[in-house]
Structures are given as structure tokens and as C-alpha cells.
Amino acid sequence: MNDNRQGRIFEKRVFPPPADFAARANVRDRSLYEEADRDRIAFWESWARKLHWEEPWHTPLVWENPFAQWFVGGKLNACYNCVDRHVEAGLGDKTAFISEGEPGDVRHFTYQQVQDEVSRIANGLKSLGVGKGDRVCLYLPMVAELPMAMLACARIGAIHSVVFGGFAAESLHERINDAGAKVLLTADGGWRKGHVVELKRIADEALELGCPTIEKVVVLDRITPGITATADHPRDYDPGVWTEGRDLSWAEVVKTQSTECPCVPMDAEDPLFILYTSGSTGHPKGIVHSTGGYLTQAAMTAYTVFDLKPEDVFWCTADCGWITGHSYVTYGPMANAATQVLYEGAPDSPGRDRFWEIIEKHSVTILYTAPTTIRTFMKWGDELVQSHDLSSLRLLGSVGEPINPEAWMWYRDLVGGGRCPVVDTYWQTETGAVVVSPLPGLSATKPGSATQPMPGMAVGIFAEDGRDITPYPGSSPGEVTGLLGISEPWPSMLRGIWGDPERYKATYWGRLEGTYFAGDGAMVDEDGCFWLLGRVDDVIIVAGHNISSMEVESALVDHVSVAEAAVIGRAHEVKGQAISAFVLLRAGYDAADSDQLVALLKEHVAHKIGPIARPEEVFVCADLPKTRSGKIMRRLLRDIAEGRALGDTTTLADRAVVFSLQHQYESTEG
Ligand code: WT7
């Protein structure tokens, strides 16, 4: 065993799939893996064939490393496959969306209604001169019009670029210009925590910064109609300034359009969308996804990982502003004719049991959410979960960051009542679809492990020098730790960075020769299970020992008093780096007795991982700096701990958090 592996806390508990779940699961035996191992390309072709193609492909894969083309020569339309195909098969009356607004307004859309509305939006876009290959920017709240607008773009071959409604004007401005968007679809606002996020006003601000390619702005009236203002949700907001000639209301562009709008057959390799993701440098990367390969793998993974059945009510809590909302709201579930819940607002509005209330009200059967959300619920206490009937749930999913065993167990026991399998799904904006995950009817799960690569995915572990050190199946070299890479192309892989092929090559294919490097470290245990260790730049080297920040965080959260923890390495004269921990206490623990608690927590980590991992300091704080997608920005914590001026803070959800933290840190230090 490797030196720096000593004392790591990895869960040993194993949970086989419940027998009744396994008996009915979409995937019940290993033949899927065997098929993929025998002939990966034929395997993906068999999944592509489940879609409707206007013209078949002549070549399944053209691979000129690092540029892949899948299903070459094939023609299909993504919207047709997600909507019209189901209506034609007699599912027109099936519910597609249950769209719940934060104020409590609920709208149901059948597949027929989605087809009609998507066609109207598509005709509206055409009336503004939008056609195949044009970019359309979507800056909308998480209401049904958002996925429908995405599908409308797909219908006419326009490329959508969704910008999350939580982003500020500067970010929107940068993304509009990078993509060269012709039309912006936005709304007067969206509801979040009882307030209106003033999307139109922010969009005005973005456009004032200069967006020369934007010709028209279409504004959905989300706040005004139908919803009565309440004490919870007062309707006082700034609707922005109406610019005649540029701004058009959704009603005038969409409502009067015909519901007849043909789906444009697209080449398999035509871009379906661009989605921006933050890079390690300041400038965001426009990740480009294809039509045929992306849809094939989004559909395949939705079916196998989420075990989607006709009677399910699926709820992915991600906003369509993220890849999760692309692959597991708009495309994957829709390609499987799923019924899904969309929720516009915050988990604590009006009460901290809003999620549980939604699950109970709509009889949600599959829940897919993020570890940060799960830990927040843990902090809010078990009673809120226990006061609702969650017996409709049959499967739970997690995504976004490594899930600590403590949160995994809480999710399984409290939310899933001990009967639902938990699928921890590892993937990225760039991969388009789930890469490492249990299949819920088949895989034995371990709390904190994403278990095994999906069938058809050539995932491996690589040494720093690029050597492939993936343990062979059946060999038992013990634990192997290194960089997670993907050595063969897959259908939903990114096709590039919009307008920047050099950056694409350098970012993803520059580190491991000929292999895609995901940026994450991983360990494979003696059973072949993968444990994600976080981004490689989150690794702390203390006195020559390699410690992942995630592992220390996991140990801290394992303590009863800790709700959430962020761990960083800061410069240290003797050790090279010292461990600094920032913790949020659970309800019932008082920051006033923190001296004693801090000593206890240091001891706890030392006990769990080893003295080498004992944090130099543990800092009890009121909140942690997070991005709008809920990722802790450890870079800023490093800046604070090393007494530097703060780096770029524009992607933070709430900048005040980091400034007050810095202030608090300095006053304690001094
Ligand atoms: C990064 C990608 C994929 C949708 C949401 C995030 C981390 C994601 C897991 C997981 C451990 C995970 C990785 C990855 N990540 N899921 N289940 N276990 N880490 O998309 O913003 O592109 O972020 O999120 O570090 O590289 P993204």
C-alpha cells in the first residue's frame, strides 16, 4: 500500500440493491457491460438506434484524436425525439412537466401541449429571423418555458446557450458575446426566496455593456400574470426599461403563432448547444455538444442510471442553466417520455421543508440532487423530513461533488427510508452524460463511492507521468490512486470549446498523452470501485504527504457538530502547506463555545485520518463562499488564509459571505 494512502477513511459498508428493486430494474444483469466490453462502438450504435433518425449514419465513429465524430452521415432532430415521437406513439395526454413556481403556482403540460408550445416558440424565433446554426441565448427562470425554449431551438436547428438566471450582468454579457447570440430570451423576473430576480433589468445592464450581435430581446411575463402577490411574495421589482424596436413581449412573438412547425433534420454532428463552464482561469469556456452523440448518451444514461419507467415522476432539482438540467431535465428524461417536476425557487421558501412538500404533493418517485443541498438539509434537522410522507420515492441520485459518507447515509436513511438505492453519479459539463455511477438494480453501493464506470466508458487511472495504472479487472493490486482519465471517445463528449480549438486541446488533452483528462483525482479500491478525490488542484501536500481536501472535509462532517466543512492548504514555513479548515456548525451547536469544539475537531480529524491530517486551524464561520452552483470556492479561502487580496469573486452566489469571513478571520488572527 502506498504511503500516503495510510489512514484514509473510506467507507467499508456495502449496500446491495434491494431485491424488489433489482427484480424490476431496467438493467438487471451484467450483459450490458459485457456487450460494451466486447465492442464499444457497436454498443453505442445499438443505443443510437433507439432514437428516430431521418437518415441512418454510414460511419459510427471517426476519431482523429482529440476530435471525434459519431454517427457520421446520420440525420435526426433532438426535439422530434424528445416530443413529437411520443405524441405520435399515443402519449400526447401524458404529463411531461409539472412546473411549480416558488409562490406555489403549479402548471401541468402534457406532451401534446409541449409539442404545441414548443412549435409556437420555434415559429416565433423563425419570425425573428432565427435559423439553423444561429445562437440563441436563454436567460430565464426555471419554469417550463425554459426547457421548452431549448427544445424550440433544437426544433429549428438553432444552437441554444442557456445562462443560469443567477448570473450577473457581466457574466451574461461575456457569454452572449462569446457565442455571438442573435436573440436573447428572458423574463421580467423569476422568484427566489420570496424576491424577484430582476432578469430583464439585469439583461438590460448586460446589453448596455455592448452586445452587438443581439437583434431582439423576447421577454416572458413570468411575474405579472396569474399570480397574486402575497405577503410571502410581494410583487415589487424593477422590470427594466422597454427598448422599442429591440424588446418584444413573449405574448406578441409566441402566443399567436401556429402550432405547426416542422422539425429540421440535423446532421448528427451539428451542435445542439453551447454551455459555459468556469475554467481555472477567469474566462469561461463555451462547451459545445453535438446532436446525435449527445442525445444518444443522455437518453441511454437517463434510462439506465435513473431506471426511468413510464409511471415515474422524476425530479432533478438542477436548473437548466447547468449541464445537469440539460442532460437530466430537457434531453435525457424527455427522450424517455418521462413525467417530471420542475421547481423554480429556493429549498427554504417559504419553509425549509419545501422539497419534502413537493415530493409529497406530486408523488415524486426519483429524486436527483446535490451533496451540498443534502448537507444543508441535514443542518436544518431531521424533523422537517420526517414530517412528510416520502414513501413515493424509490430511487435517489447525487451529483456535483464527492458526497461524504455521512451525507450519503443520511440521504439513504432519512430521505429514502432505507429502501431506495442511492446513485452517486460522477460526470462533468464536458462529458455530457454520467461517466461513473452505480446502476441501481445491479450495483452494490458504498457510501461515498461513485462505484463503476458506465458501460461503454473507457475510464482509467493515470499516473502523473501519464502511465495507465488502471487495475485490470480481476487483478487485485489493492488501492490505486491517480488522475482520472478517459482513453477512448464517447458519444456525448464535448466537441470542443466554442471558437477555441487550441484551448480545447490544451485543457483536456495536453496532460495525458492522447487521453482525456477530467481534472479529478480518483482512487480505485480492491473491488474496482472508484472514489473521487476532488479536483487535483484541491490536493494539499503537508510535509510531503498528499492529503485531499475532500478527505479532511469528510472527517470533519463526520463529527456530530459539523454541518459543512471546507478545507484548504495554506503556505506554511515548515510543512510546505498546513491545513486550514472552515466549518459550519449544525443547529444546536453554539459558536460561542468554539474554543473547546475546535480542539475537539482537530483531535477528531487526527483520529480519523492520522496526525498528519490534523488541521493547523479550524475556523468556525457563519457561511462558506459558494458559486451559484453550490461549489465551495476554496481558492478564495486560500486567499483569506494567506492574507492575500481576494481573487476574482464574480462567480460567487453571495459576495458578502467572503468579505465578512475575511474580516472575521483577520480579527481572530490579529
Ligand atoms: C466536476 C464537474 C456533472 C454535473 C454537475 C457538475 C465534480 C461532479 C461528482 C461526483 C465527485 C463530482 C468533479 C467534476 N463532480 N459529480 N458524483 N463525485 N465529484 O458539473 O460544473 O462541469 O463540474 O464536478 O470535480 O470534474 P461541472
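FYI, the numbering just counts along the sequence from 1. Atoms within a ligand are numbered from 1 in the order they appear, just like the ligands themselves. For clarity, every value in this text was computed on a predicted model and none was experimentally measured.
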Checklist entry - Can you tell if the side chain of Lys626 reaches within under 4.5 Å of the side chain of Glu564, non-hydrogen atoms only? => result yes
Checklist entry - Cation over ring, Arg40 on Phe43, under 6.0 Å and within 45°? => result no
Checklist entry - Taking the six-membered ring of Phe167 as reference, does the NZ or CZ atom of Arg175 fall below 6.0 Å from its centre and within a 45° cone about the axis? => result yes
Checklist outcome for this item: Residues passing the side-chain hydrogen bond (donor to acceptor under 3.5 Å, both in side chains) test with Ser492, sequence neighbours excluded, are Gln297
Item to check | Every residue of the protein that comes under 4.0 Å of ligand 1, judged on heavy atoms | outcome: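 These residues qualify: Ile323, Thr324, Val399, Gly400, Glu401, Pro402, Asp424, Thr425, Tyr426, Trp427, Gln428, Thr429, Asp520, Leu532, Arg535, Lys631.
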Checklist entry - Donor-acceptor pair, His289 side chain versus Thr429 backbone, under 3.5 Å? => result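 Side chain of His289 to backbone of Thr429, a donor-acceptor pair under 3.5 Å: yes, one is there.
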Checklist entry - Mind checking whether Phe377 and Trp380 have parallel, tilted or perpendicular rings, split at 30° and 60°? => result perpendicular
